[in-house]
Protein chains: 2
Amino acid sequence: MQIFAGANKGMTHYDDAVAILREKGNRLTPQRLLVLSTIAESRHHIGIDEIYKASKSVYPYLDLATVYRTVHLFRDVGVLTEIGIGDRHTYELRTRDGQHHHMLCRQCNKTFSLSPHYLEAFKASLVKDFNFEPDLDNFAVAGVCTDCKSQRT
Amino acid sequence: MQIFAGANKGMTHYDDAVAILREKGNRLTPQRLLVLSTIAESRHHIGIDEIYKASKSVYPYLDLATVYRTVHLFRDVGVLTEIGIGDRHTYELRTRDGQHHHMLCRQCNKTFSLSPHYLEAFKASLVKDFNFEPDLDNFAVAGVCTDCKSQRT
DNA sequence: TTAGCTTTTGCAAATCTTTGCAGGTGCTAA
DNA sequence: TTAGCACCTGCAAAGATTTGCAAAAGCTAA
């Protein structure tokens with residue numbers, strides 16, 4: 001099945017993700033590439049329903065269950081980051097090397113990248129004081145961003 | 001409707017929670033007190049299904065929807081902390097004053113308390129560098145605890 | 001103590017998410 | 001290039017969570 005041609009020039013994150021999936025022995029089905037492409041093309045974090053709707057418009061036979069399974073696969077394999085906002089889960093591609101974390105504004109819903117360096121001291125203190133090895137790969141904090149703070153009257 | 005008598009002597013967290021609910025104008029229905037009591041009596045964090053099962057054994061008419069609504073109310077009002085572990089959500093009472101955070105072991109599923117002080121530097125750096133005000137009230141980290149680390153061969 | 005207003009509950013239905021299964025399809029090795 | 005196997009997909013059904021609504025019950029004020 002050929003769903004779409006390779007109109008993905010310059011999509012570095014997309015290419016990285018494909019490489020990771022292949023490395024780990026996962027099959028590159030058109031459905032997976034489609035979902036991946038949908039997420040890659042989305043500017044911000046994107047929810048299951050949006051992924052489904054956008055992808056289905058390209059390939060109408062796509063099943064919602066496949067989207068769920070695909071997204072969970074991508075998450076477990078490390079290709080994307082899952083951000084839990086309240087009760088809503090959204091997703092965003094992750095780059096190959098650099099894990100980065102997220103700050104999410106509760107008011108305007110924008111996300112901001114956060115360098116891992118901000119969490120290093122925290123992580124080190126847990127290891128040192130409790131011998132607890134935290135997994136901060138998919139770390140996200142919610143809060144209020146600077147724009148929304150200044151808009152408060 | 002009277003479900004159970006006041007066998008709650010010394011349950012400080014429970015009493016605090018009741019006070020907070022009353023303060024905020026929520027009705028203290030037997031169902032709510034029952035759910036609260038169930039969570040308070042649970043030694044560790046507890047899931048919706050467990051809350052439901054345990055509470056229903058005391059008051060069989062209790063509906064699952066009520067448990068969901070009650071737990072969400074408690075969370076929004078700040079009476080309990082919701083911990084998202086993977087796909088599972090669990091709950092734990094919160095004391096009136098002292099918020100504390102959680103470390104959760106992915107392997108043995110035990111939780112450990114974490115003093116807020118460990119996150120203060122992190123929080124301060126976000127405020128300073130990005131003017132981003134993180135909400136760390138319900139903070140939980142997953143990882144591997146010291147026991148499980150030592151059990152690895 | 002009671003009346004009455006408003007919130008809350010239980011039920012049932014809607015929605016969201018996961019899972020089992022049989023057929024279809026990517027990938028590997030020849 | 002093809003054959004064959006293991007993995008994936010779509011479908012349908014199960015399971016989990018949320019929501020609308022009418023009846024029931026908590027709380028306040030008299």
Side-chain angles (χ1 to χ4, degrees), chain A residues 1-4 6 17-38 46-53 55-77 79-80 82-91, chain B residues 1-4 6 17-38 46-53 55-77 79-80 82-91:
Chain A
M1 191 203 330
Q2 171 82 10
I3 291 179
F4 54 3
V18 169
I20 293 173
L21 285 169
R22 177 168 281 144
E23 270 170 27
K24 302 210 175 177
N26 297 284
R27 293 195 180 161
L28 300 176
T29 67
Q31 288 89 338
R32 290 181 177 172
L33 296 176
L34 173 57
V35 166
L36 184 56
S37 159
T38 300
I46 180 174
I48 291 277
D49 49 337
E50 297 167 286
I51 297 171
Y52 178 56
K53 206 164 64 176
S55 302
K56 201 178 175 70
S57 76
V58 175
Y59 173 59
Y61 293 114
L62 184 70
D63 194 87
L64 181 55
T66 300
V67 176
Y68 277 105
R69 282 186 286 225
T70 301
V71 162
H72 290 166
L73 169 71
F74 288 178
R75 175 196 59 192
D76 296 342
V77 149
V79 152
L80 53 75
E82 181 181 66
I83 309 177
I85 311 162
D87 293 332
R88 182 177 161 79
H89 281 186
T90 58
Y91 301 88
Chain B
M1 190 203 331
Q2 171 82 11
I3 291 181
F4 55 179
V18 170
I20 293 173
L21 286 169
R22 176 167 282 142
E23 270 171 26
K24 304 210 173 178
N26 297 285
R27 293 190 180 166
L28 299 176
T29 67
Q31 289 88 337
R32 288 180 178 174
L33 296 176
L34 173 57
V35 166
L36 184 56
S37 159
T38 301
I46 182 174
I48 292 277
D49 49 337
E50 297 168 284
I51 297 171
Y52 178 56
K53 206 164 64 177
S55 303
K56 200 178 176 72
S57 76
V58 176
Y59 174 59
Y61 293 114
L62 184 69
D63 194 87
L64 182 54
T66 300
V67 175
Y68 276 105
R69 281 186 286 223
T70 301
V71 161
H72 290 167
L73 169 72
F74 288 179
R75 175 196 57 192
D76 295 342
V77 149
V79 152
L80 53 74
E82 180 180 66
I83 309 176
I85 311 164
D87 293 332
R88 182 178 160 79
H89 280 186
T90 60
Y91 301 88

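When reading the values below, keep in mind they use all heavy atoms of this one structure, side chains included, and skip hydrogens, waters and symmetry mates. Just so it is clear, the model here is predicted, and its values are computed rather than measured. Chain identifiers are assigned alphabetically (A, B, ...) following the order of the sequence lines, protein sequences preceding nucleic acid strands; residue numbering begins at 1 within each chain.
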- prompt: OP1 or OP2 of C/dT18 less than 4.0 angstrom from a side-chain nitrogen or oxygen of A/His72, does that happen here?
  reply: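 Yes, such a contact exists.
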message: Taking 4.0 Å as the cut-off, does a side-chain nitrogen or oxygen of B/Thr66 come that near to OP1 or OP2 on C/dT9?
response: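 No, no such contact exists.
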Would you mind reading off the distance between [X] atom [atom1] and [N] atom [atom2], rounded to a whole angstrom?
{"X": "A/Arg69", "N": "C/dC21", "atom1": "CZ", "atom2": "C1'", "answer": "10 Å"}
{"X": "B/Gln31", "N": "C/dT8", "atom1": "CD", "atom2": "P", "answer": "11 Å"}
{"X": "A/Tyr68", "N": "C/dG20", "atom1": "OH", "atom2": "C1'", "answer": "18 Å"}
{"X": "A/Tyr59", "N": "C/dT25", "atom1": "OH", "atom2": "C1'", "answer": "11 Å"}
{"X": "B/Arg88", "N": "D/dA16", "atom1": "CZ", "atom2": "P", "answer": "11 Å"}
{"X": "B/Tyr61", "N": "D/dA25", "atom1": "OH", "atom2": "P", "answer": "11 Å"}
{"X": "B/Lys24", "N": "D/dC27", "atom1": "NZ", "atom2": "P", "answer": "17 Å"}
{"X": "B/Asp63", "N": "D/dA24", "atom1": "CG", "atom2": "C1'", "answer": "14 Å"}

Nearest 0.5 Å please: distance from the [atom1] atom of [X] over to the [atom2] atom of [Y].
{"X": "B/Asn26", "Y": "B/Phe74", "atom1": "CG", "atom2": "CZ", "answer": "8.5 Å"}
{"X": "A/Lys53", "Y": "A/Ile46", "atom1": "NZ", "atom2": "CD1", "answer": "10.0 Å"}
{"X": "A/Ser55", "Y": "A/Leu33", "atom1": "OG", "atom2": "CG", "answer": "11.0 Å"}
{"X": "A/Thr38", "Y": "A/Lys56", "atom1": "OG1", "atom2": "NZ", "answer": "12.5 Å"}
{"X": "B/Leu34", "Y": "B/Tyr59", "atom1": "CG", "atom2": "OH", "answer": "9.5 Å"}
{"X": "B/Arg75", "Y": "B/His72", "atom1": "CZ", "atom2": "NE2", "answer": "4.5 Å"}

- prompt: Between D/dT9, D/dG26, C/dG10, which one does the side chain of B/Pro30 approach most closely?
  reply: D/dG26
message: Given D/dG26, D/dG10, C/dG10, identify the nucleotide with an atom nearest to the side chain of A/Leu62.
response: D/dG10
query: Does A/Arg32 make a side-chain donor-acceptor contact with the base of C/dG26, cut-off 3.5 Å?
result: no
- request: Check whether any side-chain heavy atom of A/Gln31 sits under 4.5 Å from a side-chain heavy atom of A/Leu62, and report yes or no.
  value: yes
- prompt: Which residue, A/Val71, A/Leu64, A/Asp63, A/Thr66, forms the side chain to side chain contact (heavy atoms under 4.5 Å, CB included) with A/Tyr52?
  reply: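 The single option meeting the side chain to side chain contact (heavy atoms under 4.5 Å, CB included) with A/Tyr52 is A/Leu64.
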message: Closest-nucleotide mapping onto DNA chain C: is B/Ala65 or B/Gly25 further toward the 5' terminus? I mean the 5' end.
response: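 Its nearest nucleotide lies further toward 5', so the answer is B/Gly25.
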Pairwise N/O distances under 3.5 Å, protein to nucleotides 27-30 of chain C:
from, atom 1, to, atom 2, distance (Å)
C/dC27, OP1, A/Leu28, N, 3.0

query: End-to-end bend of the helix from C/dT1-D/dA30 to C/dA30-D/dT1 (five-pair axes, 10° rounding)?
result: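 Rounded to the nearest 10 degrees, the bend comes out at 50°.
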Sidechain-backbone polar pair: B/Arg32 side chain, B/Arg27 backbone, donor-acceptor under 3.5 Å: yes
